[in-house]
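Here the structure comes first, spelled out in structure tokens, and everything after it is commentary.
Below, all heavy atoms of this structure are taken into account, side chains as well, without hydrogens, waters or symmetry copies.
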Number of protein chains: 2
Amino acid sequence: MNKKILRRCRLFAGLDDAALERALSLLAAREQSYVRGEFLVPVASPMPAFGLVLEGQVQVLRDDRDGHHMIMANVGAGDTFGESLAYLGRLSPVYIVAVDACRVMWLSPARLADPASLADADVAALSFRFTSMLAARALAMNDRIQILSQLTIRSKINALLSQFAAQSGSDSFALPFDREDMAFYLGTDRSALSRELGRMRREGLIDFKGNNFTLLSPDFRAASDGM
Amino acid sequence: MNKKILRRCRLFAGLDDAALERALSLLAAREQSYVRGEFLVPVASPMPAFGLVLEGQVQVLRDDRDGHHMIMANVGAGDTFGESLAYLGRLSPVYIVAVDACRVMWLSPARLADPASLADADVAALSFRFTSMLAARALAMNDRIQILSQLTIRSKINALLSQFAAQSGSDSFALPFDREDMAFYLGTDRSALSRELGRMRREGLIDFKGNNFTLLSPDFRAASDGM
DNA sequence: ACATTTGCGTTGCAGTTGCAACAAAAAATG
DNA sequence: CATTTTTTGTTGCAACTGCAACGCAAATGT
């Protein structure tokens with residue numbers, strides 16, 4: 001049952017059981033459980049390993065100079081955190097907290113970050129997967145930056161929906177967010193988001209029910225044809 | 001003179017001349033010049049190589065469904081673009097334009113993305129550098145996301161200045177932006193930024209002249225001590 | 001079936017901010 | 001040094017949006 005979740009992660013996707021075992025051993029995998037509210041990683045601590053959430057959810061948080069703490073990311077089952085820090089051996093500028101009771105697998109990139117050990121074919125294959133994971137994450141962060149850079153809520157919504165439409169190849173699709181997560185992802189207020197979504201629906205630009213969205217506007221189509 | 005610029009990039013930093021030559025050959029380096037306004041990469045095209053700007057500046061742009069194009073990034077000398085796309089072999093969702101006349105070195109990650117060739121020690125060493133570059137970029141993007149996620153301009157300014165203060169180890173430092181770039185980086189309007197900077201100066205929170213900023217507030221210190 | 005929790009939409013309000021247009025200052029050019 | 005160009009600050013205005021509070025409906029638990 002663990003394996004199923006592990007394979008949802010790009011790092012392990014498509015590996016057969018034997019290869020998965022080898023990969024886990026190369027990464028010195030070990031599991032650990034946490035109770036709700038527990039700190040997985042305190043701020044300014046070394047990160048010898050990165051985490052893969054097997055169950056539950058963790059939050060990556062960061063504090064400002066003025067004491068406010070802000071959510072950097074929500075990490076759910078099958079998702080990872082801290083790969084870059086662990087790979088570079090940096091101290092963590094963030095701290096990590098269990099939202100629910102959760103189970104995390106810790107994976108050490110030490111072998112991957114040692115050029116000498118890449119001579120081993122297994123390590124090389126895993127390194128390729130790891131780098132691909134980083135690259136994919138960079139692209140995902142790029143998408144998020146594009147959205148967050150928009151100046152108005154409406155533009156943010158448009159940017160988000162455009163991305164999902166492009167990605168799903170259809171003008172109807174489901175978002176993997178509830179409204180609160182969606183507002184957080186857009187960097188805005190939940191109620192303001194609801195208000196703007198309602199406005200856009202009244203204007204006939206979009207339709208939605210729960211997390212199922214449909215792009216309606218003929219403007220949308222015209223503009224994308226033009227490209 | 002090229003070498004000096006190349007070594008400003010994490011991928012090549014600290015290499016001696018011989019190693020640099022080997023690295024360039026492994027990456028099938030080739031140079032190309034562009035005139036102002038020229039397209040380096042059109043949208044939806046394959047990216048067999050990523051770019052390292054040797055001279056001038058390029059912009060990474062992206063179009064929304066509604067036809068607005070937005071600046072994703074400004075890339076200056078010594079900086080790279082498209083590594084993730086090239087590594088993953090994805091089609092480019094963005095297009096790239098020369099802001100000035102510029103010279104770009106194209107580098108192909110094909111050897112790095114092939115696990116079999118990692119058996120070669122030179123390739124392995126370069127692969128390590130490449131992955132480190134990706135990881136460092138991910139951290140930088142994280143910083144930017146933290147800033148863009150702030151809900152008010154003042155919080156964005158605080159977040160940005162805090163990061164630079166922490167990074168420079170001092171409360172006085174120079175930003176590498178002019179006001180327009182700074183506003184873009186913060187995802188806000190230039191005039192609104194000027195207004196808020198002025199307000200913060202009047203309140204005695206910060207001081208600045210040009211791009212030289214100083215954090216003044218005793219609040220700042222008190223809050224950071226608290227951590 | 002009832003009580004409780006959770007998620008989502010609505011609204012009043014005040015402060016913020018995008019926007020456009022202009023003024024002032026600084027830098028570049030000749 | 002004078003002139004042009006670029007950068008930065010200022011301001012009025014309208015619209016946006018964060019915020020808090022509330023209502024409603026669906027889901028959950030007992």
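Between Asp189(A) atom CG and dT10(C) atom C1' there is a gap of 13 Å when expressed in whole angstrom units. Here dG9(D) presents its P atom at 10 Å from CE of Met182(B), a figure rounded to the nearest Å. Atom pair Arg154(B):CZ and dT17(C):P shows a separation of 9 Å (rounding to whole Å applied). We find that NZ of Lys209(A) is positioned 11 Å from P of dG9(C), with the value rounded to whole Å. For Arg199(B) and dT11(D), the CZ to P distance is 11 Å, given to the nearest whole Å. The nearest whole Å value for the distance from the CD atom in Glu196(A) to the P atom in dT10(C) is 12 Å. If you measure from atom CZ of Phe177(B) to atom C1' of dT7(D), you get 17 Å, rounded to the nearest angstrom. Straight-line distance from the CD1 atom of Ile153(B) to the P atom of dG18(D): 12 Å, rounded to whole Å.
Side-chain proximity of Ser194(B) to dG18(D), dC8(C), dT8(D): nearest is dT8(D). Of the candidates dG9(D), dT17(C), dA20(C), dA20(C) carries the atom nearest the Ser191(B) side chain, counting heavy atoms from C-beta on. Closest contact between the side chain of Asn211(B) and the listed nucleotides dG9(C), dT8(D), dT17(D) involves dT8(D).
Dashed line: the shortest gap from a side-chain N or O of Thr188(A) to OP1 or OP2 of dG18(D) is under 4.0 Å.
With the nearest nucleotide of DNA chain C identified for both Thr152(B) and Gly198(A), Gly198(A) has the one nearer the 5' end. Between Arg202(A) and Leu151(B), the residue anchored nearer the 5' end of DNA chain C, judged by the nucleotide with its closest heavy atom, is Arg202(A).
The aromatic rings of Tyr34(B) and Trp106(B) sit perpendicular, their planes meeting at an angle over 60°, well past the 30° parallel limit. Ring pair Phe177(B)/Phe164(B) is perpendicular by interplanar angle, where above 60° counts as perpendicular and below 30° as parallel.
Residue Phe208(A) is in sugar-phosphate contact alone, with no base atom involved, counting any heavy-atom pair closer than 4.0 Å across all strands shown. Contact annotation for Asp178(B): backbone-only contact, meaning every heavy-atom pair under 4.0 Å involves sugar-phosphate atoms and none involves a base. Note on Arg195(B): a base of the nucleic acid sits closer than 4.0 angstrom, heavy atoms only. Among the atoms of the strands shown, none is found under 4.0 Å from any heavy atom of Leu197(A).
Residue Arg190(B) places no side-chain atom within donor-acceptor reach of the base of dG18(C), judged by atom type and a 3.5 Å distance cut-off alone.
Other residues, nucleotides and ligands place no more than 12 heavy atoms under 6.0 Å from the CD atom of Glu180(B).
Checked by atom type, the side-chain pair Thr80(A)/Arg137(A) shows a donor-acceptor distance below 3.5 Å.
By the 4.0 Å N-to-carboxylate-O rule, Arg190(A) lies too far from Asp178(A) to be salt-bridged with it.
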